[in-house]
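Counting begins at 1 with the first residue of the sequence.
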Amino acid sequence: MARATDVEKENLQDDDGLGLEADDDTAHQISHDPWYQVGFVLTTGVNSAYVLGYSGSIMVPLGWVAGTTGLVLAAAISLYANALLARLHEVGGKRHIRYRDLAGHIYGRKIYALTWALQYVNLFMINTGYIILAGQALKAVYVLYTDDHVLKLPYCIAIAGIVCAMFAFGIPHLSALRIWLGVSTILSLIYIIIAFVLSIRDGVNSPVRDYNIPGSHNSKIFNTIGAVASLVFAYNTGMLPEIQATVKPPVIKNMEKALWFQFTIGVLPLYAVTFMGYWAYGSVTSTYLLNSVKGPVWVKTMANIAAFLQTVIALHIFASPMYEYLDTHYGPGKGNAFSFQNLGFRVMVRGGYLTINTLVAALLPFLGDFMSLTGALSTFPLTFVLANHMYLVVKKNKLSPLQKAWHWLNVVGFSCLATAAAAAALRLIVVDSKTYHLFADL
């Protein structure tokens with residue numbers, strides 16, 4: 001694995017053409033990728049198989065008006081917050097290639113540790129959710145051909161975990177995805193187009209749908225809060241500095257191009273499948289849309305297999321900060337990435353990490369709960385609270401009183417939303433834990 005060399009560090013340029021030193025040594029590749037490759041990394045996360053759940057997890061609890069408004073507003077707010085974070089990539093004359101390094105530089109050691117914990121809880125839960133998704137896709141293929149219930153969801157999750165581990169062994173770092181990002185885009189288009197077209201057909205042929213928000217008054221309140229957390233989860237990675245570390249100079253300008261790509265062209269497939277799925281099935285839309293659509297078995301099989309394979313690639317993106325930490329601090333750190341020593345290290349360490357992910361996924365396969373709790377505990381603080389406050393601290397002498405008030409409003413408002421969303425998500429987990437047993441076959 002190639003460490004960042006002194007030559008690479010000397011060649012780093014900020015937007016004013018000044019040389020910048022990288023914040024820390026790393027076993028992974030930095031400053032290597034064009035902006036459009038980074039844009040496809042971001043878009044791969046946005047249009048992962050999670051989009052097949054947004055009709056049921058966002059639109060059903062919110063309805064047409066609030067759901068549509070929420071998706072558009074969350075995209076605008078997320079673009080703004082991510083742009084703030086991108087502009088903080090270069091602080092104090094250094095590039096900060098990890099979120100925790102940036103927070104530590106601004107606040108000190110305690111916030112460094114807190115940010116580290118928040119980020120890895122966030123990424124661990126996202127990775128767990130991806131393995132659940134992959135298992136659900138495999139289970140969906142199985143039930144298309146038989147109803148004997150022999151292959152249960154926990155078994156499918158275990159298979160998914162093994163495949164994800166095999167992929168992780170062969171891709172040493174985030175920049176090495178390259179052609180796999182193109183494959184991911186094709187796979188995403190396959191299941192999104194199939195879900196979109198079959199939803200149109202079902203909607204045209206179905207009687208009038210019920211779009212009323214289901215549940216009691218109390219459950220509606222908690223479900224609405226949970227859906228807001230899912231809105232935030234839909235657009236944000238919680239690892240923007242790590243992704244930005246891979247982009248070529250000028251870093252900030254190129255990252256902003258990638259973000260605009262993500263939040264314009266990149267979100268269109270998400271909107272298409274989310275709105276069409278809800279239009280076709282209304283308040284009974286499944287949290288995995290391919291379970292709702294009707295159509296030829298071979299078509300649904302292709303969609304589910306595409307969802308499974310794309311999930312394997314997407315998981316690698318969100319696991320890469322953990323891999324970078326392990327490779328940098330404990331790995332051999334030199335020589336060919338596919339030498340026996342380096343490959344053996346990845347097999348042992350990444351295999352162990354994904355084994356834990358897979359075990360948690362099989363124990364608690366409640367996909368909607370993962371999305372809500374992840375949004376509440378980690379994505380809200382990392383993307384909105386910390387980003388706005390860090391911007392305040394770094395730019396305080398350059399901001400007008402009105403700008404300062406705006407950023408403080410964001411800090412306080414999103415902190416309150418995060419607290420409420422966490423309570424709602426925990427309630428969902430308690431309810432589902434009573435309904436489903438461990439290793440449930442959903």
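Minimum interatomic distance between Gly67 and Leu62 (heavy atoms only, all atoms of both residues): N-CB, 3.6 Å. The two atoms that bring Pro381 and Leu118 nearest to each other are CB-CD1, 4.1 Å, heavy atoms only. Closest non-hydrogen pair, Ser199 versus Met276, comes out as CB-CG, 3.8 Å. Here the closest heavy-atom approach between residue Ile111 and residue Ala103 is recorded as CG2-CB, 4.2 Å. In plain terms, the two heavy atoms of Leu240 and Asn82 that are nearest each other are CD2-O, 3.3 Å.
For the pair Arg95 (side chain) and Ala245 (backbone), a donor-acceptor distance under 3.5 Å is present. Between the Gln310 side chain and the Leu187 main chain, no donor and acceptor come within less than 3.5 Å of each other. Side chain of Thr328 to backbone of Glu324: a donor-acceptor contact under 3.5 angstrom is found. In this structure, Ser292 contributes its side chain and Tyr288 its backbone to no donor-acceptor pair below 3.5 Å. In this structure a side-chain-to-backbone donor-acceptor pair under 3.5 Å is present from Tyr120 to Pro321. Listed for the Tyr235 side chain is a donor-acceptor partner under 3.5 Å among the backbone atoms of Leu71. Ser219 places a side-chain N or O within 3.5 Å of a backbone atom of Ser216 that can act as its donor or acceptor partner. Between the side chain of Ser57 and the main chain of Thr287, no donor-acceptor pair closer than 3.5 Å is present. A donor-acceptor pair under 3.5 Å is absent between the side-chain atoms of Asn236 and the main chain of Thr383, judged by distance alone. A donor-acceptor distance shorter than 3.5 angstrom exists from the side chain of Thr285 to the backbone of Gly282, with no hydrogens or angles considered.
Applying the 6.0 Å contact sphere to CH2 of Trp260 captures no more than 12 heavy atoms from other residues, nucleotides or ligands. Lys396 NZ: 12 or fewer foreign heavy atoms inside a 6.0 Å radius. By the 6.0 Å contact criterion, OH on Tyr36 is open, its count of non-hydrogen atoms from other residues, nucleotides or ligands being 12 or less. Remark: Tyr99 OH is packed, more than 12 non-hydrogen atoms of other residues, nucleotides or ligands lying under 6.0 Å away. Residue Trp406 qualifies as open at atom CH2: its count of foreign heavy atoms under 6.0 Å is 12 or below. Within 6.0 Å of CH2 in Trp35 there are more than 12 heavy atoms belonging to other residues, nucleotides or ligands.
Looking at Tyr281 and Ser286, their side chains never bring a donor and an acceptor atom within 3.5 Å of each other. Ser188 and Asn47 share no donor-acceptor pair across their side chains, judged by distance under 3.5 Å alone. A donor and an acceptor atom, one from each side chain of Tyr353 and Asn127, are located under 3.5 Å apart.
Here the two rings, on Tyr391 and His407, have centers that are under 6.0 Å apart. Ring-centre distance between Tyr112 and Trp116: not below the 6.0 Å cut-off. Taking the centre of each ring, His389 and Trp408 come in below the 6.0 Å mark. Aromatic ring centres of His96 and His105: separated by under 6.0 Å.
Summarising the geometry, atom SG belonging to Cys164 is positioned 10.5 Å from atom CZ belonging to Phe169; distances are rounded to the nearest 0.5 Å. Separation of atoms CG (Leu174) and OG1 (Thr246) is listed at 5.5 Å; rounding is to 0.5 Å. In this structure, CD1 on Ile317 lies 13.5 Å from CD on Glu242, to the nearest 0.5 angstrom. Expressed to the nearest 0.5 Å, how far OG1 of Thr115 lies from CG of Asp101 amounts to 10.0 Å. Here the CZ-CD distance, from Arg178 to Gln37, works out to 6.5 Å after rounding to the nearest 0.5 Å. Taking CD1 of Ile243 as the reference point, atom CE of Met255 lies at 6.0 Å (rounded to 0.5 Å).
Using the six-membered ring where Trp is involved, His316 and Tyr323 have ring planes that are tilted, between 30° and 60° apart.
Each of Phe196, Tyr271, Trp64 was compared with Tyr278 under the ring-ring contact (aromatic ring centres under 6.0 Å, His included) criterion, and only Trp64 meets it. Met239 pairs in a side chain to side chain contact (heavy atoms under 4.5 Å, CB included) with only one of the listed residues (Gln244, Gln119, Met322), which is Gln119.
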Quiz prompt | Test log, rule side chain to side chain contact (heavy atoms under 4.5 Å, CB included), inputs Leu309 and Tyr191 | solution = CA-CA 11 Å; Leu309 295 175; Tyr191 60 72; over 6 Å; no

Practice problem: Let me see the working for Gln262 and Thr43 under side-chain hydrogen bond (donor to acceptor under 3.5 Å, both in side chains), right down to the final yes or no. | Solution: CA-CA 5 Å; Gln262 174 193 356; Thr43 304; over 6 Å; no

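By the 4.5 Å heavy-atom criterion applied to side chains, Thr274 and Ile58 are not counted as neighbours. At least one side-chain heavy atom of Phe124 sits less than 4.5 Å from a side-chain heavy atom of Asn357.
Ion pairing of Arg350 with Asp327 is present here, as a side-chain N (NZ or NE/NH1/NH2) and a carboxylate O approach within less than 4.0 Å.
Applying the salt bridge (charged side-chain N to carboxylate O under 4.0 Å, His left out) test to every pair with at least one member in residues 117-136, sequence neighbours left out, gives no pairs at all.
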